[in-house]
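As structure tokens, the structure follows; a few thoughts come after it.
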Amino acid sequence: MAVTRLKRKDRRNKTFAKLDVKNLKLATNIELGSRSKQSTKDQLAKNNAVLAQLTAKG
């Protein structure tokens with residue numbers, strides 16, 4: 001089976017998709033004192049609190 005070269009548009013999409021994944025991985029950490037500080041009332045914080053309680057018991 002022959003290897004086909006990607007067209008320019010597809011190569012560009014491939015590289016941009018890689019960069020998007022990289023940026024998303026880097027953006028998951030919330031910095032302390034930043035404007036995007038995690039609220040204590042959102043669902044993620046509540047879930048983390050419940051998980052912390054369960055791991056403390058177990």
Side-chain angles (χ1 to χ4, degrees):
M1 190 166 137
V3 177
T4 58
R5 276 182 58 98
L6 292 172
K7 291 188 177 177
R8 182 180 291 158
K9 184 176 75 175
D10 293 329
R11 277 183 296 180
R12 184 176 184 277
N13 288 341
K14 181 180 170 186
T15 56
F16 273 85
K18 280 185 191 173
L19 290 174
D20 283 344
V21 169
K22 183 179 174 186
N23 288 337
L24 285 173
K25 284 183 180 176
L26 291 174
T28 54
N29 297 334
I30 297 175
E31 298 174 15
L32 293 174
S34 70
R35 284 178 44 181
S36 62
K37 188 174 180 183
Q38 186 174 359
S39 171
T40 55
K41 297 175 186 167
D42 70 350
Q43 192 61 47
L44 190 62
K46 292 176 185 175
N47 292 351
N48 287 339
V50 170
L51 287 173
Q53 287 177 351
L54 291 175
T55 52
K57 288 181 184 176

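- Here Asn48 contributes atom CG and Gln43 contributes atom CD; the two are 10.0 Å apart, rounded to the nearest 0.5 Å.
- The neighbour count for Arg12 CZ, taken as heavy atoms of other residues, nucleotides or ligands under 6.0 Å away, does not exceed 12.
- Here the NZ atom belonging to Lys18 is positioned 5.0 Å from the NZ atom belonging to Lys14, to the nearest 0.5 angstrom.
- Side chains of Thr15 and Leu19 form no contact here, defined as non-hydrogen atoms less than 4.5 Å apart.
- Taking all atoms of both residues into account, the shortest heavy-atom contact from Lys46 to Lys41 is CE-O, 3.2 Å.
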